[in-house]
Amino acid sequence: MIQAILVFNNHGKPRLVRFYQRFVKEIQQQIVRETFHLVLKRDDNICNFLEGGSLIGGSDYKLIYRHYATLYFVFCVDSSESELGILDLIQVFVETLDKCFENVCELDLIFHMDKVHYILQEVVMGGMVLETNMNEIVAQIEAQNRLEKSEGGLSAAPARAVSAVKNINLPEIPRNINIGDLNIKVPNLSQFV
Amino acid sequence: MALKMVKGSIDRMFDKNLQDLVRGIRNHKEDEAKYISQCIDEIKQELKQDNIAVKANAVCKLTYLQMLGYDISWAAFNIIEVMSASKFTFKRIGYLAASQSFHEGTDVIMLTTNQIRKDLSSPSQYDTGVALTGLSCFVTPDLARDLANDIMTLMSHTKPYIRKKAVLIMYKVFLKYPESLRPAFPRLKEKLEDPDPGVQSAAVNVICELARRNPKNYLSLAPLFFKLMTSSTNNWVLIKIIKLFGALTPLEPRLGKKLIEPLTNLIHSTSAMSLLYECVNTVIAVLISLSSGMPNHSASIQLCVQKLRILIEDSDQNLKYLGLLAMSKILKTHPKSVQSHKDLILQCLDDKDESIRLRALDLLYGMVSKKNLMEIVKKLMTHVDKAEGTTYRDELLTKIIDICSQSNYQYITNFEWYISILVELTRLEGTRHGHLIAAQMLDVAIRVKAIRKFAVSQMSALLDSAHLLASSTQRNGICEVLYAAAWICGEFSEHLQEPHHTLEAMLRPRVTTLPGHIQAVYVQNVVKLYASILQQKEQAGEAEGAQAVTQLMVDRLPQFVQSADLEVQERASCILQLVKHIQKLQAKDVPVAEEVSALFAGELNPVAPKAQKKVPVPEGESEDERPRAVFHEEEQRRPKHRPSEADEEELARRREARKQEQANNPFYIKSSPSPQKRYQDTPGVEHIPVVQIDLSVPLKVPGLPMSDQYVKLEEERRHRQKLEKDKRRKKRKEKEKKGKRRHSSLPTESDEDIAPAQQVDIVTEEMPENALPSDEDDKDPNDPYRALDIDLDKPLADSEKLPIQKHRNTETSKSPEKDVPMVEKKSKKPKKKEKKHKEKERDKEKKKEKEKKAEDLDFWLSTTPPPAPAPAPAPVPSTDECEDAKTEAQGEEDDAEGQDQDKKSPKPKKKKHRKEKEERTKGKKKSKKQPPGSEEAAGEPVQNGAPEEEQLPPESSYSLLAENSYVKMTCDIRGSLQEDSQVTVAIVLENRSSSILKGMELSVLDSLNARMARPQGSSVHDGVPVPFQLPPGVSNEAQYVFTIQSIVMAQKLKGTLSFIAKNDEGATHEKLDFRLHFSCSSYLITTPCYSDAFAKLLESGDLSMSSIKVDGIRMSFQNLLAKICFHHHFSVVERVDSCASMYSRSIQGHHVCLLVKKGENSVSVDGKCSDSTLLSNLLEEMKATLAKC
């Protein structure tokens, strides 16, 4: 079981917080903070596992994380999950994000938290891995986006237009914080069907 | 209409959407909180609008704010509104918000049931999918129960997308509603072979999660999983299955044997590291389960260790880490194969990665031997010096102590070395583990008698050295060591070289800066020290010296008397008086040393940590009065004060008496007859034989010892030993040469060859007789997964069905059966006899099936075909079976024909079987004649003592609340375990008029003690809307939650239901007043309790007692119990004849135990409860119930 999935940036700002076990919101925030501090002190070239310890559940739990450019993706899992498998799953998730947002960067996650959640929902459901095949995930997400578009129709158009106008006023959106190093050494990614 | 829509969307343009909100927050970095609170106000406005798009947008923004840590629980109702939007776009937003913010305590969650059901059956697969995903995050026991059937249907949906989601969510349903596991399991199993790989993977996932918690119930699935493992190419699935096998093998060693080969093949063939790693892990699990046996295991071990070495040597830190992790598993059973890789592991200690270092440390724990302990610890000590960050250093410290102390100091050959290591560790700055070091010092000093002299010298040096005291305030952790040091110096003061010096050190003013508990030990041990100094001086005839010491004590003790710590103060003032008394005696030249040291006569023995628990309680003594066994610090066996007039003879007599008393006292930890402890038979310090150690190091160490010295010395010693041995061997050889030439073993230096430096007695920790050091008391009784420990091989019974949603109002759904424990259920079955037979039959089938299953598994597991089943017993059941079939086919023909058959078949067993059949058919016929549920049967007084035959009229837990010509209100109050101090009131409203009732509102006047939970923002005087309308003749149920402060008393709340009755003629506004009666029983929750737990509860003695007696009862005992169970929410713990114990629990956790006894026409109820008021009120209520019987 996966207990929590956290995404935060290098400064500890949460970008996606998804708990599959109930915690009151203060504890949730505390877990995010503590996890960030735990992960932050680790160099990039040391192992990606951390014994969760006091945070969630105790000794049966591990934090498994990956660091991409400005973002940390942290999964808190129990011993029923394969450590290397989860590392690959993070990779699948990030690559899916990359496909859905076309060259994903932190800003995409900031402004489209809802969409990121929808993508995650196709990968993990209720703490259990739902799908690991990226093509399948992307296909389902696109189908849902099409459905949403078709529903929007006329009434959504003005809102979209305004939104576009608002975006024009924002020259500051840089597209260059993309997660360049997607080809981080993954020993076994190709093995997954 | 269209215009309105366009207008709405134009309005919407100017609302902030999520992006605007995010942007706004980023632009208001300085006053973020203020900006957000402003946004929340806007959102509240938006939520009040009718336009669902606006609401959805608001909810979407709330979801973002929730991530930032803002409370959005107040919007729960709005979230539900958005969830029920018809458009997928909005629905998705609603479900996302719900999945992020809903939990079991969200009270409006019960309103979602129907919406979710609707979405689950939606024609759009994405509506269904979104509902499933959302539900997976907030499913509650109620939702699980109500929706289990719907979800199970979805498991066979045409779309694999839905199937896999439905399969996955079943796990959550099982957790919340364990009763659903058995009915749903067959279909889940079916999904293991689903054509879609995603669905298959989901099913594997769920079953693996289930099996991980309760593996034994899933053993029968092993062949199926085996097939999957050899056929699947999906690595996710393979990993899960292989992990599952890892959990199963400990239960069935034969399974392991079968697994080894395919796993080995996978290890060789796969290129996926994750799969390889899991294979290695499972092979290790298999090898552990096959602790003995097949010889070719060493090959598998070698393969695993080899592969792991490759992982550890890999440059990828992740692989390194996992390699070490797996290695530690092998270590437990096959330490030898791991020990050969010591070099690699020591190398990992230098790794830059802390996780890896910690793992390597774990491994070291198992790798030490007598030979390498010193070397490894030396290496660790250098790491301690180098370590940055206290956490890692503390970890190192505990590991050093763990490694050294493991299995009773098995690997320590030189305790001087160990003591010096401990002393060196005290120099660590800022460690939290001072107490650990202290405990070790005490333990070693007490248990290793030979080391006491050395230990005392080191400890006195510690007491003397200023560094521990100097900054005791900042480094409070390490000063704990002084506790041990003081105690050791005091207790073993006879070994002190310069006791006077140490005494002065312990009486320094700086000592008063230490924590209280340490000072207390100082005070106590100062006296011990004083006693032994006195003894010395008197023996040497130095009366003046003795008086000087007394004077020192009198001078210095007052500083402790002034202590703020009570313990210190008490001890100090007591001792000060004693010393003053001694001073007087000394002035008269009376020898006092003997008596003073008699205060501390006797030997302390270590006691095992669990010993106390194992001591049986003697009769007539409660737990509180039980004397505590001593461990080190408590010295209760010593009389506090001895009259100084006691002469030598008196002393001797008392000593004898004490010995006698100790011998008879079961709590005194007697010396056991083991040869190790023979000398303890003689009490008194002066009699303890102390083994003289030939110390090769000077005892007076000027500074602190360097453990390295000991390492060197130890090496030399070993070397000498070896030489001597070699010499002896040579001699022997020569002898042998002279005689017969014999094969002699090669000179290897194994562990056993290294003799410890000192003749060390390790006193084992004592336990009461017949007590075994077991771990049985370490089990956790509150495992949430225990509820899922369900046998899945039994065929499904008819009663095991998932609840199918019916209209709330129907009689059956609310029949009391649902809430009543088994006992009553049975009594209510009208066709009991027949049922019994059927059950018997079913049991038989079950048994057969189970046997068959077991045979299947056995067959699959055995590599050779199983021995042909014994021919004799096999055919019997088979004929039985066909007999069965025949009779079944023939239906219920004549008994005559049956008898004919009986004649044909002479086997007695068959006959019996046949008879049963007859009886059954007879029973059936009989029952057919009887009108079902006849009134007479129910009303008949029972005389024949067969209460089972008697029926109780069906009862409802719903009681009438109020009624008028429009509406009838009935209600049921249930405690909920999820939130303490809350009860749910379910009110059924029935429309009796021909009007439609709408706009119903319930207003209840809160009392101080009971409050209604109202939606956020509504005031106490507002009515709470009833979430439905009632067409004529229809009824529906609404639930309301009340928070109760004190549950010990019953109470009533006044309320009014207001509604609009509308018919063809018009609408009228109507009102109906009612009074809600919260009885004490409604705060109880039927909780099953096992008899042993029940007994323990009664014994615990913190329950108050009360009792009632009711006369004139004619009802059978069985029914009485059922009534109590039903109306007062009790469950029967045990029933013997006309006496039964019952148990229940209140929502606030009070235990209520009852003993119900039936006499002639009377019933007495004795109750025990943690709250006496609650108990007496409950008993009153019960009295009222019983009076009606």
Side-chain angles (χ1 to χ4, degrees), chain A residues 1 14 16-18 20 22 25-26 28-29 42-43 45-51 80 82-85 87-88 110-114 117-118 121 125-133 136 140 143-144 147-148 151-152 154-159 161-163 166-167 170 185 187-188 191-193, chain B residues 5 9-10 12-13 17-20 22-23 53 60 63-64 66-69 71 87-89 92-93 96 103-104 126 133 136-137 161 164-165 168-169 171-172 197-198 202 205 208-209 212 233-236 239 243 271-275 277-278 316-322 352-353 355-356:
Chain A
M1 287 279 281
L16 176 108
V17 176
R18 170 80 270 192
Y20 294 104
R22 160 126 175 88
K25 62 179 197 304
E26 289 81 13
Q28 286 191 2
Q29 293 299 313
R42 298 174 66 83
D43 287 340
N45 55 354
I46 62 179
C47 84
N48 301 67
F49 313 120
L50 258 169
E51 252 105 311
S80 74
S82 148
E83 292 87 344
L84 294 171
L87 273 183
D88 289 338
I110 297 172
F111 286 107
H112 302 284
M113 184 210 66
D114 48 345
H117 267 294
Y118 301 143
Q121 282 176 357
M125 181 177 135
M128 285 186 286
V129 180
L130 180 68
E131 185 60 68
T132 51
N133 180 349
E136 171 71 17
Q140 294 299 348
Q144 290 177 48
L147 178 62
E148 192 174 308
E151 277 181 353
L154 185 77
S155 63
V162 170
S163 174
K166 283 175 187 161
N167 276 338
L170 255 183
K185 190 185 161 205
N188 51 340
Q191 294 305 312
F192 281 111
V193 184
Chain B
M5 243 177 72
S9 51
I10 288 174
R12 220 183 108 195
M13 283 171 13
N17 62 14
L18 173 64
Q19 283 76 34
D20 298 327
V22 175
R23 200 173 291 128
C60 183
T63 313
Y64 182 80
Q66 193 267 349
M67 179 179 78
L68 299 184
D71 176 37
K87 279 188 181 172
F88 171 74
T89 318
R92 175 151 89 154
I93 293 172
L96 174 62
H103 51 86
E104 287 193 3
Y126 292 110
T133 308
S136 72
C137 295
Y161 178 72
K164 71 180 176 193
K165 287 197 169 191
L168 270 193
I169 202 179
Y171 179 64
K172 296 280 176 155
N205 213 334
C208 287
E209 280 295 334
R212 201 164 74 94
T233 51
N234 181 337
N235 279 352
W236 264 103
I239 288 176
K243 267 184 166 287
S271 57
M273 280 300 183
S274 47
L275 185 57
Y277 173 67
E278 295 306 337
D316 185 330
Q317 298 284 320
N318 292 329
L319 299 183
K320 202 188 274 283
Y321 172 85
L322 293 176
K352 57 192 177 298
D353 187 346
S355 315
I356 287 178

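Order of the sequence lines sets the chain letters (A, B, ...), proteins ahead of strands, with each chain counted from 1.
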Do the side chains of [Y] and [X] get nearer than 4.5 Å, heavy atoms only?
X	Y	answer
A:F49	B:L322	yes
A:E83	B:N318	no
A:H117	B:M67	no
B:C137	A:R18	yes
A:L130	B:L168	yes

Considering all heavy atoms of both residues, which atom of [X] and which atom of [Y] are nearest to each other, and what is their separation?
X	Y	value
B:Q19	A:F111	NE2-O, 2.7 Å
A:M1	B:E209	N-OE2, 2.9 Å
A:Y20	B:K172	O-NZ, 3.8 Å

So which residue, A:V17, A:D114, A:N48, A:I46, ends up with the most heavy-atom pairs under 4.5 Å with chain B?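 Ranked by contacts with chain B, first place is A:I46.
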For the interface with chain B, which of A:H112, A:E26, A:K25, A:E136 has the highest count of heavy-atom pairs at distances below 4.5 Å? A:K25
Would you call A:R22 and B:E104 a salt bridge, using N to O less than 4.0 angstrom?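 No salt bridge links A:R22 with B:E104.
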Has the side chain of [X] got a donor or acceptor atom that lies under 3.5 Å from a matching backbone atom of [Y]?
X	Y	answer
B:E278	A:S82	no
A:E148	B:T89	no
B:N205	A:V129	yes

Starting at [atom1] of [X], measure out to [atom2] of [Y] and round the result to the nearest 0.5 Å.
X	Y	atom1	atom2	answer
B:N234	A:T132	CG	OG1	5.5 Å
A:M125	B:K164	CE	NZ	10.5 Å
A:L84	B:Y321	CG	OH	11.5 Å
A:I110	B:R23	CD1	CZ	11.5 Å
A:L87	B:D316	CG	CG	8.5 Å
A:E131	B:Y161	CD	OH	10.0 Å

How about B:T133 and A:Q121: does a side-chain donor come under 3.5 Å of a side-chain acceptor? no
Is a side-chain donor-acceptor pair under 3.5 Å present for B:Y126 with A:Q140? yes
So for A:R42, is it side chain, backbone, both, or neither that comes closer than 4.5 Å to the heavy atoms of chain B?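 Answer is side chain: those atoms of A:R42 sit under 4.5 Å from chain B.
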Bottom line for A:Q28: the part with an atom under 4.5 Å from chain B's heavy atoms is side chain
For B:Q317, check side chain to side chain contact (heavy atoms under 4.5 Å, CB included) against everything at least two apart and list the hits. A:C47, B:K320, B:D351, B:K352, B:D353, B:I356
Heavy-atom cut-off 4.5 Å, strictly under: side chain, backbone, both or neither for B:Y277 against chain A?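 Looking at B:Y277, just its side chain touches chain A.
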For B:K243, which atoms come within 4.5 Å of any heavy atom of chain A: side chain, backbone, both, or neither? side chain
Let's test your reading of the structure: which of B:L96, B:I169, B:V22 forms the most heavy-atom pairs below 4.5 Å with chain A?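 That would be B:L96.
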